[in-house]
Trainee: 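The following block contains the structure, expressed as structure tokens.
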Amino acid sequence: MRAILDHVGIAVQDVEKALAFYRDALGLDVEAPEDVTTQRVRAHFIPTGQASLELLEATAPESPIAKFVDKRGPGIHHVTLRVEDIRATLDHLKARGVRLVDDQPRPGAEGALVAFVHPSAAQGVLVELKQAAPRRATLAAKSLSLGNFRLTVLHDGGFRLDGGAMFSVVPKPLWEKLAPPDDRNRIQLATRPLLVEAAWGRMIVDCGIGDKMGPKPTDIYALDRSRHLDHALSEIGLDASSIDVALATHLHFDHFGGATMRDGDALRPRFTRARYLIRAAEWEDATHPHERNRASYLVEDFVPLKDAGVIDFFDGDIEIRPGVRVVRTGGHTGQHQIVYVESGGKTAVFVADLIPTTAHLQDPWVMSYDLFPVDTLMFKKRFIREAIDREYLIVFEHDPHIAAGYIREAANGKRSVEQVL
Ligand SMILES: [Zn+2]
């Protein structure tokens, strides 16, 4: 069992007096108060490093905090320990005969789950257990310059996929620390197309997941497009008509669903002025799917582009535009490719599903979505070595929190990402 001190709750009698000390005299920042109506309590959080202080003010006479203060005066009310799995922790404590106030978790502030242990079991201290809500994907367009190019990592919303499928042969106790699953065993992912702006125009690499998904897959994949590509483009003063070239790493729906959109009953290209660049052999695979990849290739994502005559097919590893070249990796799909962007002696690489998130840095952490996982492994081993040695800036298309960074390797072989965006 592992627990981290989350906060110490302090029952206050007079919030002004409390603020006079913690805020004014000590000079600490106090967050905006949050009312927990079910408890008739107003909470004022004070960040203090890894853990916080929580000033608790009663908002009604029948509030447990009012009763606590009446009986014992103001003072420490509870200590909160954050655990990874609150249900497992409660089961474990119950099995050992520990007296609990709550034998089931209940909703707490900020989407967390909480439960109290009885003070008689904890040396007179009311212990609150808390399982934090899974963090939502950080979705904002973020830019940097690379030589003569401007790169912007865009976003087209978040979704979730089965954690077991995302890490394949890696046991759950190892991956769940890096990518906490929800109650349906799904982990949070992002969809982040890359925008390259150069003298020759604006290229978008992959197109996001799009808005054509029906209610059932929307539920299965927990698709959240409350913020999507239109928002991301407008954050940098652009819109869908600003794009000159759309390049596909492969044609799976979570990468190319945003290439087309509904227009009444019809489907049309999402980027109205763009040429769409697709590897011919990937097109062949996508239009001749088999049982194993059929769920990932949705014809409405790419066939309307052919009908509209906006596709330029190409073969092999070529320079698509000056400073932008594709390299086939295979593995994930037979023709999956990554995109090197090079300018001013610097290199950024959009790695798509070769390294979908920063939790996939170790060589054998390969998805079971991959059609040819050993090919992924072989390519990835070589590529990550090259990326570390040559300091490539890596864009992680599916990572919910880190959009881009440098892969670093410690002396003991442990890898991490130095976040840039
Ligand atoms: Zn993907």
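Whatever order the structure lists ligands and atoms in, that order sets their numbers, starting from 1. Numbers for residues simply follow the sequence, beginning at 1.
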Trainee: Which angle, to the nearest 10 degrees, do you find at the Zn ion (ligand 1) between OD2 in D254 and OD2 in D353?
Mentor: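 Computed angle, vertex at the Zn ion (ligand 1), rounded to 10 degrees: 150°.
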
Trainee: Does a salt bridge link D317 with R279, judged by any charged N lying under 4.0 Å from a carboxylate O?
Mentor: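 A salt bridge is present here (some side-chain N lies under 4.0 Å from a carboxylate O).
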
Trainee: Strictly under 2.8 Å, is the Zn ion (ligand 1) approached by any N, O or S atom of H255?
Mentor: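 An N, O or S atom of H255 is closer than 2.8 Å to the Zn ion (ligand 1), so yes.
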
Trainee: Centre-to-centre under 6.0 Å for H398 and H255, is that the case here?
Mentor: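 Yes; H255 has its ring centre under 6.0 Å from that of H398.
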
Trainee: Measuring to the Zn ion (ligand 1), does E397 have an N/O/S atom at a distance below 2.8 Å?
Mentor: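 So E397 does not bind the Zn ion (ligand 1) by this criterion.
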
Trainee: Does R325 pair with E342 as a salt bridge, N-O distance under 4.0 Å?
Mentor: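 Yes, R325 and E342 are salt-bridged.
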
Trainee: Nearest 0.5 Å, please: how far is CE in M213 from CD1 in I220?
Mentor: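 Answer rounded to 0.5 Å: 9.5 Å.
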
Trainee: Would you say the Zn ion (ligand 1) has H398 as a near neighbour, meaning an N/O/S atom of that residue under 2.8 Å away?
Mentor: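 An N, O or S atom of H398 is closer than 2.8 Å to the Zn ion (ligand 1), so yes.
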
